[in-house]
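Keep in mind it's a predicted model, so treat the numbers as computed, not measured.
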Amino acid sequence: MINTKYYDGFEGEHEINLNNGEDCMIIWDGYFDTIMDVLFDSGIEKEGIVKDYFYLEGWYDEPQPIEDIPLTIRQLKAFDVKKSDRMESLKQVAVELVEDIIKFLEQADGEVIIERV
């Protein structure tokens with residue numbers, strides 16, 4: 001199943017894809033940036049997808065598996081929307097999106113590929 005809920009209306013702009021075989025989640029880059037910025041500024045470990053995002057490397061350059069799904073889930077669970085200075089509408093979506101990404105990762109069977117398109 002392909003979930004485009006968090007990309008609908010932003011077609012043509014950058015996207016983040018999470019892919020687990022037949023299941024795919026397509027996210028508008030702006031929503032994902034909101035989440036990553038908060039996580040980076042939250043004092044969590046600068047490893048995994050947060051590190052790759054900050055240094056614009058790894059999955060940011062080319063599709064790659066998320067190496068440590070449990071770490072990514074822990075990082076996402078630390079997301080605190082109150083630390084975001086983004087528009088209220090972005091913050092509201094980000095809370096729901098974080099929950100959906102966590103569910104996607106928890107239900108993944110095998111590796112999850114992440115890529116910025």
Side-chain angles (χ1 to χ4, degrees):
M1 178 176 95
I2 298 176
N3 179 349
T4 61
K5 174 181 178 179
Y6 299 103
Y7 189 68
D8 293 344
F10 297 101
E11 291 82 359
E13 296 190 30
H14 285 290
E15 63 190 67
I16 302 297
N17 292 339
L18 299 176
N19 191 322
N20 178 33
E22 293 182 17
D23 294 324
C24 183
M25 188 172 196
I26 301 173
I27 305 162
W28 174 52
D29 196 48
Y31 291 145
F32 199 76
D33 285 347
T34 299
I35 295 165
M36 289 293 109
D37 289 345
V38 167
L39 290 178
F40 190 79
D41 292 337
S42 293
I44 64 168
E45 59 269 85
K46 306 300 188 274
E47 298 297 327
I49 65 170
V50 174
K51 177 183 172 194
D52 290 347
Y53 175 81
F54 179 74
Y55 288 110
L56 306 178
E57 63 184 17
W59 62 265
Y60 204 88
D61 283 335
E62 60 186 272
Q64 291 188 354
I66 295 177
E67 292 181 20
D68 191 339
I69 290 176
L71 169 65
T72 303
I73 291 170
R74 281 194 312 277
Q75 289 172 326
L76 290 168
K77 286 183 176 181
F79 176 78
D80 182 356
V81 73
K82 295 175 193 153
K83 295 183 179 181
S84 176
D85 61 358
R86 302 280 176 115
M87 295 182 319
E88 202 59 38
S89 60
L90 282 177
K91 290 167 37 172
Q92 290 173 359
V93 172
V95 171
E96 182 182 329
L97 174 56
V98 165
E99 292 172 3
D100 285 350
I101 293 172
I102 290 170
K103 286 178 196 168
F104 183 90
L105 294 174
E106 287 175 340
Q107 295 172 358
D109 184 24
E111 73 179 11
V112 175
I113 304 295
I114 183 170
E115 100 178 278
R116 181 175 185 268
V117 180

Participant: Quick check for you: to the nearest 0.5 Å, what is the distance between L97 atom CG and K5 atom NZ?
Facilitator: 9.0 Å
Participant: State whether the side chain of H14 and the backbone N or O of V117 hold a donor-acceptor pair below 3.5 Å, judged by distance alone.
Facilitator: yes
Participant: Under 3.5 Å, sequence neighbours excluded: what are the donor-acceptor pairs made by side chains of residues 40-52?
Facilitator:
| from | atom 1 | to | atom 2 | distance (Å) |
| --- | --- | --- | --- | --- |
| S42 | OG | V38 | O | 2.5 |
| K46 | NZ | F40 | O | 3.0 |
| K46 | NZ | I44 | O | 3.1 |

Participant: Which residues pass the side chain to side chain donor-acceptor pair (under 3.5 Å) test with T4, sequence neighbours left out?
Facilitator: D8
Participant: Measuring only between side-chain heavy atoms, which start at C-beta, is I102 closer than 4.5 Å to E99?
Facilitator: no
Participant: Could you state the interatomic distance from CD1 (I35) to CD1 (I101), rounded to the nearest 0.5 Å?
Facilitator: 4.5 Å
Participant: Which heavy atom in Y7 sits nearest to a heavy atom in E13, and how many Å separate them?
Facilitator: OH-O, 2.6 Å
Participant: Passes side-chain contact (heavy atoms from CB on, under 4.5 Å), N17 versus I114? Steps please.
Facilitator: CA-CA 6 Å; N17 292 339; I114 183 170; over 6 Å; no
Participant: Side chain to side chain contact (heavy atoms under 4.5 Å, CB included) with D61: which residues, sequence neighbours excluded?
Facilitator: E57
Participant: If you compare all heavy atoms of A78 against all heavy atoms of L39, which two are closest, and at what distance to 0.1 Å?
Facilitator: C-CD2, 4.3 Å
Participant: Please identify each residue that fulfils side chain to side chain donor-acceptor pair (under 3.5 Å) with N19, with sequence neighbours left out.
Facilitator: none
Participant: Compare every heavy atom of M1 with every heavy atom of D23, then report the nearest pair and how far apart it is.
Facilitator: OD1-N, 3.1 Å
Participant: Mind checking side chain to side chain contact (heavy atoms under 4.5 Å, CB included) for V112 and listing every partner two or more places apart, or none if nothing turns up?
Facilitator: L18, N20, I66, I69, F104, L105, A108
Participant: Applying side chain to side chain donor-acceptor pair (under 3.5 Å), can you list everything that pairs with D100, at least two apart in sequence or on another chain?
Facilitator: Y6
Participant: Applying side chain to side chain contact (heavy atoms under 4.5 Å, CB included), can you list everything that pairs with E62, at least two apart in sequence or on another chain?
Facilitator: Q64
Participant: Who are the salt bridge (Lys or Arg N to Asp or Glu O under 4.0 Å) partners of E115, not counting sequence neighbours?
Facilitator: none
Participant: Stepwise, does the side-chain contact (heavy atoms from CB on, under 4.5 Å) test hold for E106 with I73?
Facilitator: CA-CA 8 Å; E106 287 175 340; I73 291 170; 3.7 Å; yes
Participant: Please name all residues satisfying side chain to side chain donor-acceptor pair (under 3.5 Å) with K83, sequence neighbours left out, ordered by chain then number.
Facilitator: none
Participant: Report the residues that fulfil salt bridge (Lys or Arg N to Asp or Glu O under 4.0 Å) with E11, sequence neighbours left out, ordered by chain and then residue number.
Facilitator: none
Participant: Suppose we screen for ring pair (Phe, Tyr, Trp, His ring centres under 6.0 Å). Which residues come up paired with W59, at least two apart in sequence or across chains?
Facilitator: F32
Participant: Please name the pair of heavy atoms, one in Y53 and one in D37, separated by the smallest distance, quoted to 0.1 Å.
Facilitator: OH-OD1, 3.4 Å
Participant: So, K103 and E96, do they make that salt bridge, N to O below 4.0 Å?
Facilitator: no
Participant: State, to 0.1 Å, how close A94 and F79 come at their nearest heavy-atom pair, and which atoms those are.
Facilitator: CB-CZ, 3.9 Å
Participant: Can you tell me how the ring of F10 sits relative to the ring of W28, calling it parallel under 30°, perpendicular over 60° and tilted otherwise?
Facilitator: parallel
Participant: Y55: what forms a ring pair (Phe, Tyr, Trp, His ring centres under 6.0 Å) with it, not counting sequence neighbours?
Facilitator: none
